[in-house]
S.K.: 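To start, I am sharing the structure in question, which I have written as structure tokens.
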Amino acid sequence: MGLSNVKKAGERHNADLAAIFHQMASCYRYLGAKHRFRVMAYDGATRTLSNLKNDISVYAKDEDALHELHGIGESIGEKIVEYLNTGKIKTFEQLKKKVPQGLLELMDIAGFGPATVKALHQKIHINNRDELIRAIETGKLKGLRGFGPKKIDNMKRGLKLFKEAHARMLLWDAMNIGEDILQEVLAFPGIKKAELAGSLRRKKETIGDIDIIATADKKDWKKIVSKFIALPQSERILAKGETRASIVLKKTNIQVDLRLVHEYEYGSALLYFTGSKEHNIKLRTWAKGKGWKLNEYGVFDAESDKQLAGATEEEIYRLFGMQFIPPELREERGEIENARKHLLPRLVNLKDIRGDMQMHSVWSDGADEIETIARYVCKEFPHYEYIVLTDHSPSERIAGGLQPADFIKQFKEIDRINKKLGKDFIRKGVEVDILADGSLDLPEDLLQQFDWVVASIHSGFTKDNTQRLLKVCERRDVHCIGHPGGRLIGKREGYTLDWNKLFEKAAATGTAIEINAQPNRLDLRDDLVKEAIEKGVMITISTDSHALSQFDFMQLGVAVARRGWCKIENVLNTCSWKAVEQFKRHKQHALKQAVK
DNA sequence: GCCGTTTTCGGCCCGACTGTTTTCAGTCG
């Protein structure tokens, strides 16, 4: 089946289709256990669509590309094409007649599963959220079998927190909150080891809840759980058992789970609690096929039930004949197969970074003087060999963009400070604006005087951004594309862009692409980093600091690089400045070759 | 409904906690 009537480019189908498949999964969930595997399939398709890089219509152009997507088989593939052609899916329309729409929404609320919702619908004819709220208020639920007072309380809370429950927190905020709580847990009497697990350990860009895994003698568990749920930050206790407890924090409403295990289970528990869910499922399924059973207590021989590994993660991966898989890679993106073949990359580390490639001073919209910045970085990051000052160009009026004459003055100021420091520590850079037509807002003769030129899009998001960026890559006076996706996490989606074309052009012209480490940018995104380096693109990691405290964001940038499978040689600012100069010469050469 | 270096048919991760029950279903991660 081909595509006859593709909607015009730039329209977003992924989110719409993901929402439909999510609802279809909910429908089948409601319709009973006989559909449970179908539910898994639609859940899988929902996940795939949510994480897709390009619009689904790009893949739907050819049947093979569509079916290469994990979780998209024949039937769901046909439904995608049907949706792209007609805007509807017949099966879904029919399902909607069987399951009232208001019930699907109810199933998205914490504590509401299909059985609960079905009972409410069949016994007291609830069809949506409003009717449920009224039923609770009027006491209609009292005496209903299976609906005791605690269950009703939980339902009320779920309804109230519905919106907040969906909010995720920026990685940076979660790292700070998580570290604070971890320190408190480590101070509990009896704790032997404890660390953060979950998506926080994997350094995902946003975090849903915080997981802590800890080991202690079993006799101390009860005391430790009591201490944990009594933490002053705790607003409410969600669950409390022998081995685990969950609390919700004040203000942030973020959930923190603590899991206690024996020392001989610590590694398997850490593995389990770190996830991702998809990585765990794949690993467990694979182990099962080898005659093992993997759970949070260890790896066991399926026949004898004897524990074969479990104290450390290293031990488990070793038993499986795999390389150790760093948490940042555990996303089911091929890491298990590569670990088996011993082909995992040796990932870049924070300590490999030798300079910061983008920052702003009071000359534009930064908070500090150039000299203050330089002295601070020299002190706090003693292994840095250079920083690149990149104040804004004229178009960024709000950000106090500099005029050409200002930059000439700034050059002198930088020379003066470098002389005082006794080394060429501060490099002369600029974050130049890419205008609507892909031209830049500073003259070429000035741009050529900079040590490093980052070009960024700050406005005109609806223009043809692919063409704008391709044009910029072809310029000899531009070395890097800044925050290429233009997104602000939780606020603004990135603009549409043909990433393949950009990566190919960047690789061919020797133009670097930035990972901007601002907590709400993390742009280039991790999955795109992986594709970029596979195409041969050089990556830079910069904090884009506007204040001294922001230089610490470098660890976020490195986390994104690691999640994108970056080795040290994929990241330009793991090199000396001499090598950066060489990279720039390489670009001049590449452009000359292209002209011939 | 998807998927395959054990399978194109027969599987599909696995256990803890809660609430309301007298032995377990539902929900979650």
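First the proteins, then the strands, lettered A, B, ... as listed; each starts at 1. Just the heavy atoms: all of them, side chains too, but no hydrogens, waters or symmetry mates, feed the values below.
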S.K.: Could you tell me whether Asp211(A) contacts a base, only the sugar-phosphate backbone, or nothing, with contacts defined as non-hydrogen atoms closer than 4.0 Å?
M.R.: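 The answer is nothing, as Asp211(A) stays clear of every strand by at least 4.0 Å.
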
S.K.: Once you round it to whole Å, what is the distance between P of dG1(B) and NE2 of His70(A)?
M.R.: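 Between P of dG1(B) and NE2 of His70(A): 17 Å.
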
S.K.: Under 4.0 Å, counting only non-hydrogen atoms across every strand here, what does Ser246(A) touch: a base, just sugar-phosphate, or nothing?
M.R.: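 Touches nothing.
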
S.K.: With nearest nucleotide decided by heavy atoms, which residue, Ile76(A) or Gly148(A), maps closer to the 5′ end of DNA chain B?
M.R.: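 Nearest-nucleotide comparison on DNA chain B picks Ile76(A).
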
S.K.: Would one find a side-chain N or O of Arg38(A) under 4.0 angstrom from OP1 or OP2 of dG1(B)?
M.R.: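 Yes.
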
S.K.: Quick test of the criterion, 5.5 Å between centres and less than 30° between planes. Is Phe37(A) stacked on dC12(B) or not?
M.R.: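 It does: the two rings, one from Phe37(A) and one from dC12(B), meet the stacking criterion.
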
S.K.: Compare side-chain N and O positions of Asn154(A) against OP1 and OP2 of dG19(B) and report whether any pair is under 4.0 Å apart.
M.R.: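 For dG19(B), OP1/OP2 do have a side-chain N/O of Asn154(A) under 4.0 Å.
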
S.K.: Check whether any side-chain N or O of Glu265(A) sits under 3.5 Å from a backbone N or O of His262(A) as a donor-acceptor pair, and report yes or no.
M.R.: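 Yes.
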
S.K.: Using whole Å, report how far CD of Glu278(A) lies from P of dC12(B).
M.R.: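 Rounded to the whole Å, the gap is 18 Å.
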
S.K.: Let's see if you can work this out: which of dA16(B), dT22(B), dC3(B) has an atom nearest to the side-chain heavy atoms of Arg259(A)?
M.R.: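 Selected nucleotide (nearest to the side chain): dA16(B).
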
S.K.: Select one nucleotide: of dT27(B), dG29(B), dG1(B), the one nearest the side-chain heavy atoms of Tyr272(A).
M.R.: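 Given the options dT27(B), dG29(B), dG1(B), the side chain of Tyr272(A) is closest to dG29(B).
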
S.K.: Check every atom of dC14(B), dG15(B), dT20(B) against the side chain of Lys288(A) and return the nucleotide holding the closest atom.
M.R.: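 Output: dC14(B).
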
S.K.: Closest to the Lys151(A) side chain: dC17(B), dG1(B), dG19(B)?
M.R.: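 It is dG19(B).
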
S.K.: Watson-Crick or G-U wobble partner for dG15(B), using a 3.5 Å limit on both distances?
M.R.: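 Paired with dC28(B).
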
S.K.: Would you indicate which nucleotide in dG19(B), dC2(B), dG29(B) comes nearest to any side-chain atom of Lys150(A)?
M.R.: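 Shortest atom-to-atom distance from the side chain points to dG19(B).
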
S.K.: Is Thr285(A) close enough to dG4(B) that one of its side-chain N or O atoms is under 4.0 Å from OP1 or OP2 there?
M.R.: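 Checking dG4(B) against Thr285(A), no side-chain N or O comes under 4.0 Å of OP1 or OP2.
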
S.K.: Touch check for Lys118(A), heavy atoms < 4.0 angstrom, all strands: base, sugar-phosphate only, or nothing?
M.R.: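 The answer is nothing, as Lys118(A) stays clear of every strand by at least 4.0 Å.
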
S.K.: More 5' along DNA chain B: Asp209(A) or Lys290(A), using each one's nearest nucleotide?
M.R.: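 It is Lys290(A), whose closest nucleotide lies nearer the 5' terminus.
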
S.K.: Suppose you measure atom P in dT8(B) against the same atom in dC14(B); what distance do you get, rounded to whole Å?
M.R.: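 Going atom to atom, P in each nucleotide, I get 22 Å.
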
S.K.: Work out how far the C1' atom of dG11(B) is from that of dA16(B), and round it to whole angstrom.
M.R.: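 Comparing C1' positions in dG11(B) and dA16(B) gives a spacing of 26 Å.
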
S.K.: Show your working on side chain to side chain contact (heavy atoms under 4.5 Å, CB included) between Ile136(A) and Ile133(A) and close with a plain yes or no.
M.R.: CA-CA 5 Å; Ile136(A) 292 174; Ile133(A) 291 168; 5.8 Å; no

S.K.: Expressed as a whole number of Å, how far does the C1' atom of dG29(B) sit from that of dC13(B)?
M.R.: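 Each nucleotide's C1' atom is 12 Å from the other's.
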
S.K.: Please state how far atom CE in Met107(A) lies from atom C1' in dT27(B), giving the value in whole angstrom units.
M.R.: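 Nearest whole value for this atom pair: 13 Å.
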
S.K.: Would you mind reading off the distance between Phe21(A) atom CZ and dC2(B) atom C1', rounded to a whole angstrom?
M.R.: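 Going from CZ in Phe21(A) over to C1' in dC2(B) covers 13 Å.
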
S.K.: If the P atom of dT6(B) is compared with that of dC2(B), how far apart are they to the nearest Å?
M.R.: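 Per the computed distance, 23 Å lies between those P atoms.
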
S.K.: Would you mind reading off the distance between Ile336(A) atom CD1 and dG4(B) atom C1', rounded to a whole angstrom?
M.R.: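 Answer to the nearest Å: 16 Å.
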
S.K.: Of Glu328(A), Glu331(A), Glu332(A), which meets salt bridge (charged side-chain N to carboxylate O under 4.0 Å, His left out) against Arg202(A)?
M.R.: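 Option passing the salt bridge (charged side-chain N to carboxylate O under 4.0 Å, His left out) with Arg202(A): Glu331(A).
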
S.K.: Mind checking Tyr28(A) for me? I need base, sugar-phosphate or nothing, with any heavy atom below 4.0 Å counting as a touch.
M.R.: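 Nothing, no nucleic acid heavy atom in range.
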
S.K.: When the distance from NZ of Lys282(A) to P of dC12(B) is rounded to whole Å, what number comes out?
M.R.: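 The distance from NZ of Lys282(A) to P of dC12(B) comes to 16 Å, rounded to the nearest Å.
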
S.K.: In whole angstroms, how far is the P atom of dG29(B) from the CG atom of Leu200(A)?
M.R.: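 Rounding to the nearest Å, CG of Leu200(A) and P of dG29(B) are 16 Å apart.
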
S.K.: Between Arg330(A) and Phe324(A), is NZ or CZ placed under 6.0 angstrom from the six-membered ring centre and within 45° of the ring axis?
M.R.: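 Flagged: Arg330(A) positioned over aromatic ring of Phe324(A).
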
S.K.: If you measure from the P atom in dC28(B) to the same atom in dT22(B), how many Å do you get, rounded?
M.R.: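 It works out to 23 Å between them.
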
S.K.: When you measure from the side chain of Arg284(A), which nucleotide among dA16(B), dC14(B), dG26(B) comes out closest?
M.R.: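 Of dA16(B), dC14(B), dG26(B), dC14(B) is nearest to the side chain of Arg284(A).
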
S.K.: Closer than 4.0 Å, any side-chain N/O of Lys240(A) to the OP1 or OP2 of dT18(B)?
M.R.: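 So the side chain of Lys240(A) is outside the cut-off, no N or O lying under 4.0 Å from OP1 or OP2 of dT18(B).
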
S.K.: dC13(B), dG29(B), dC2(B): which one has an atom nearest the side-chain heavy atoms of Ile281(A)?
M.R.: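 My answer, after comparing the listed nucleotides, is dC13(B).
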
S.K.: Sort and list the pairs that fulfil side-chain hydrogen bond (donor to acceptor under 3.5 Å, both in side chains) and have at least one residue in residues 185-197 of chain A, not counting sequence neighbours.
M.R.: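 Pairs touching residues 185-197 of chain A that pass the test: Lys192(A)-Asp217(A), Lys192(A)-Glu263(A), Glu195(A)-Tyr266(A).
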
S.K.: Rounding to an integer number of angstrom, what distance separates dG1(B) and dT18(B) when you compare their P atoms?
M.R.: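 About 37 Å, rounded to a whole number of Å.
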
S.K.: Before accepting this row, confirm whether a basic side-chain N of the pair Lys96(A)/Glu93(A) lies closer than 4.0 Å to the acidic partner's carboxylate O.
M.R.: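 The answer is yes: the pair qualifies as a salt bridge.
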
S.K.: Once you apply a heavy-atom cut-off of 4.0 Å, does His35(A) come out as touching a base, just sugar-phosphate, or nothing?
M.R.: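 Touches nothing.
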
S.K.: Using the C1' atoms only, state how far dT21(B) lies from dG26(B), rounded to an integer number of Å.
M.R.: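 dG26(B) and dT21(B) have their C1' atoms separated by 13 Å.
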
S.K.: Provide the distance between the two P atoms, one in dC12(B) and one in dC17(B), to the nearest whole Å.
M.R.: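 Nearest-Å result for dC12(B) against dC17(B) at atom P: 25 Å.
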
S.K.: Classify the nucleic acid contact of Lys277(A) as base, sugar-phosphate or nothing, counting any heavy atom under 4.0 Å across all strands shown.
M.R.: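 If one applies the 4.0 Å heavy-atom cut-off, Lys277(A) turns out to touch a base.
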
S.K.: Assess whether ring-ring contact (aromatic ring centres under 6.0 Å, His included) is satisfied between Tyr28(A) and Tyr42(A), documenting all intermediate values.
M.R.: CA-CA 9 Å; Tyr28(A) 284 122; Tyr42(A) 279 103; 5.7 Å; yes

S.K.: Taking the six-membered ring of Tyr30(A), is the NZ or CZ of Lys118(A) close enough (under 6.0 Å from the centre) and on axis enough (within 45°)?
M.R.: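 Pair Lys118(A)/Tyr30(A) counts as cation-pi.
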
S.K.: When you measure from the side-chain N and O atoms of Tyr297(A) to the phosphate of dA16(B), is any distance below 4.0 Å, counting only OP1 and OP2?
M.R.: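 So the side chain of Tyr297(A) is within the cut-off, an N or O lying under 4.0 Å from OP1 or OP2 of dA16(B).
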
S.K.: What nucleotide among dT22(B), dG19(B), dG15(B) has an atom nearest to a side-chain atom of Asn295(A)?
M.R.: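 So the side chain of Asn295(A) is nearest to dG15(B).
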
S.K.: Just grab all the side-chain hydrogen bond (donor to acceptor under 3.5 Å, both in side chains) pairs involving residues 169-182 of chain A, residues at least two apart or on different chains.
M.R.: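 Sorted result for residues 169-182 of chain A: Glu179(A)-Gln183(A).
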
S.K.: Which part of the nucleic acid does Gly289(A) contact within heavy-atom distance under 4.0 Å: base, sugar-phosphate only, or nothing?
M.R.: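 Base contact.
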
S.K.: If you check every side-chain atom of Ala41(A), which of dT27(B), dG1(B), dC13(B) has the closest atom?
M.R.: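 The closest nucleotide is dG1(B).
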
S.K.: Please give, in whole Å, the distance from dG29(B) P to Gln255(A) CD?
M.R.: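 After rounding, the reported distance stands at 6 Å.
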
